[in-house]
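Sequence lines set the chain letters: A, B, ... in the order given, protein chains first and strands last, and positions in each chain run from 1. What you see is a predicted model; the values in this text were computed from it and never measured.
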2 protein chains.
Amino acid sequence: MSTEPVWPDELFADLERTGPVPLYFQISTRLERAIREGVIPSGARLENEIAIGERLGLSRPTVRRAIQELVDKGLLVRRRGIGTQVVQARVSRPVELTSLNEDLTRVGHHPATRVLSLERVPADEEAAAQLNLAIGTEITRIRRVRSADGTPMAILINLLPPEFSDITVEDLERRGLYEIMRSRGVTIKIANQTIGARRTHDDEHELLDIAKGSPLLTMDRVAFDHGGRAVEAGHHCYRPDLYSFETTLVSR
Amino acid sequence: MSTEPVWPDELFADLERTGPVPLYFQISTRLERAIREGVIPSGARLENEIAIGERLGLSRPTVRRAIQELVDKGLLVRRRGIGTQVVQARVSRPVELTSLNEDLTRVGHHPATRVLSLERVPADEEAAAQLNLAIGTEITRIRRVRSADGTPMAILINLLPPEFSDITVEDLERRGLYEIMRSRGVTIKIANQTIGARRTHDDEHELLDIAKGSPLLTMDRVAFDHGGRAVEAGHHCYRPDLYSFETTLVSR
DNA sequence: TTCGTGCTATTGTTAGGACAAATGCACCGG
DNA sequence: CCGGTGCATTTGTCCTAACAATAGCACGAA
């Protein structure tokens with residue numbers, strides 16, 4: 001027995017079969033939106049993959065790939081012999097490879113950035129190891145405070161390899177760092193992150209407007225381009241009452 | 001032009017073509033081990049997908065799927081027109097859907113668990129919301145201290161729905177919670193996690209043998225089974241000098 | 001009743017083929 | 001010398017097809 005269709009036909013009426021956007025991607029994004037907006041209710045069972053394919057005029061592998069995208073995101077669950085269902089749990093978007101800047105904008109806050117310092121310094125041992133450079137190489141060191149709606153949320157320290165030595169304070173106050181790097185043709189493919197906690201140091205409590213010695217949430221990140229070259233190292237700390245990291249884990 | 005083979009033929013000599021383990025999975029696990037052990041060096045370029053398939057007697061989709069697994073894990077990078085390369089960055093295993101217990105064992109530590117309390121309590125508003133039960137439903141509340149090699153590392157609080165009301169202290173000291181749940185046929189498919197930081201409360205500093213009011217790394221988790229039913233809620237806190245969360249992010 | 005057996009529905013795996021798109025390189029013309 | 005054109009290489013997308021494995025259900029036997 002086939003399940004009744006759970007979405008209106010209009011949802012997939014405007015598929016671009018010739019454009020540059022892959023079909024499976026068009027399907028999965030439309031499906032995701034329908035699920036997040038509640039058009040397809042939580043717990044609903046989808047039709048089987050072949051029936052969906054017939055209804056949309058697509059092959060099973062294409063439909064399957066679209067569904068797989070959402071399974072990976074934790075929005076759908078598949079069970080052999082049973083079918084595919086919309087997950088009933090609320091699913092949070094994962095920690096993504098975006099800047100804090102973009103995160104905040106998406107949630108509807110107004111981010112602002114104050115550049116505390118922008119200097120060229122010789123790489124110490126740690127920085128050299130992270131960026132895979134010789135000790136003493138001139139790197140760019142940025143220290144910023146990021147606020148949302150006027151409240152300081154985080155202190156961001158970034159170390160950049162020599163090729164970014166001409167970045168200006170104006171650039172940094174206007175756009176996020178990742179945006180600047182992208183506009184120079186540097187695409188970040190992979191990042192290693194470590195999330196931890198510690199007390200405030202030095203002037204951090206003043207910058208974040210919290211008590212001296214209170215806890216901070218920290219995130220250290222080294223980012224690499226497609227060739228595996230380290231293009232950025234970051235040492236960030238966040239006010240734990242204003243910021244946390246959310247993830248959804250999916251077992252396979 | 002085809003690239004020279006980068007792995008010894010023995011690597012894939014013992015593929016089980018009839019067994020229950022999928023071929024793509026056998027390939028990807030062997031490849032992953034070879035990369036992590038350095039048998040295939042960092043930065044090496046793989047043969048093209050079709051050539052690999054011919055050498056192994058497999059079709060391109062199967063080879064492609066095996067490679068995709070490692071791309072998702074951040075071990076390989078693909079570029080159209082170029083080929084597939086081993087990532088040069090060190091890649092950490094992601095935060096997985098495993099218990100802390102299993103994490104520690106894998107890294108070679110000796111975990112031990114002390115059960116502080118195991119009680120049945122009525123669900124308060126927060127717990128009821130997390131486990132999707134009526135307020136006042138009797139749930140099981142566990143509080144444990146997890147140590148590695150004799151040093152306390154974390155305080156674990158878990159809330160379980162009524163069906164687990166018969167869990168005993170002996171169970172919990174012998175096996176990890178997730179292991180117990182699995183043995184009862186409850187498989188966790190999805191979990192939502194929030195990682196943050198705060199000060200110690202109450203007796204936490206004593207249990208973890210740190211200064212009163214010092215920072216803690218916290219992780220709150222709600223786990224769901226395949227049907228989207230909440231089967232566990234956890235409120236954990238870790239000594240930040242002994243524990244941190246590592247992830248690798250891959251952009252797509 | 002209860003247990004097992006077999007049927008049906010559905011996803012999981014594998015194969016083989018075709019064309020599209022991007023990249024790097026050699027080559028050629030200005 | 002420089003820039004563009006075209007080609008070879010390789011991954012990206014999409015299709016058709018077949019069979020395996022699993023879960024649930026109906027049915028029948030003990």
Asker: What pairs with B:D220 under salt bridge (charged side-chain N to carboxylate O under 4.0 Å, His left out), at least two apart in sequence or on another chain?
Answerer: none
Asker: My understanding is that only residues two or more places apart in sequence, or in another chain, count here; which of them pass side chain to side chain contact (heavy atoms under 4.5 Å, CB included) with B:E138?
Answerer: B:R120
Asker: Establish, with yes or no, whether the OP1 or OP2 oxygen of D:dT11 is under 4.0 angstrom from a side-chain nitrogen or oxygen of B:T84.
Answerer: yes
Asker: Applying salt bridge (charged side-chain N to carboxylate O under 4.0 Å, His left out), name anything that partners A:D171, two or more places apart in sequence or on another chain.
Answerer: A:R174
Asker: With sequence neighbours left out, what residues match A:S59 under side chain to side chain contact (heavy atoms under 4.5 Å, CB included)?
Answerer: A:P61, A:T62
Asker: Dump the pairs, protein N or O against N or O of nucleotides 19-22 of chain D, anything under 3.5 Å, distances to one decimal.
Answerer:
residue : atom : partner : partner atom : Å
D:dA21  : O4'  : A:R80   : NH1          : 2.6
D:dA21  : O3'  : A:R80   : NH1          : 3.2

Asker: Specify the angle, to 10°, made by the local axes at the two ends of the helix from C:dT1-D:dA30 to C:dG30-D:dC1 when five pairs are taken at each end.
Answerer: 10°
Asker: Using heavy atoms to find the nearest nucleotide of DNA chain D for B:I67 and A:L23 separately, return the residue whose nucleotide is more 5′.
Answerer: B:I67
Asker: Between A:R17 and D:dC15, is there a contact of a side-chain N or O with OP1 or OP2 at under 4.0 Å?
Answerer: yes
Asker: Test of understanding: with side chain to side chain contact (heavy atoms under 4.5 Å, CB included), list the residues that count as partners of A:R60, not counting sequence neighbours.
Answerer: A:E49, A:I50, A:R64
Asker: Sequence neighbours left out, what passes side chain to side chain contact (heavy atoms under 4.5 Å, CB included) with B:R33? Give chain and number order.
Answerer: B:E37
Asker: A:R229: what forms a salt bridge (charged side-chain N to carboxylate O under 4.0 Å, His left out) with it, not counting sequence neighbours?
Answerer: A:E163, A:D225
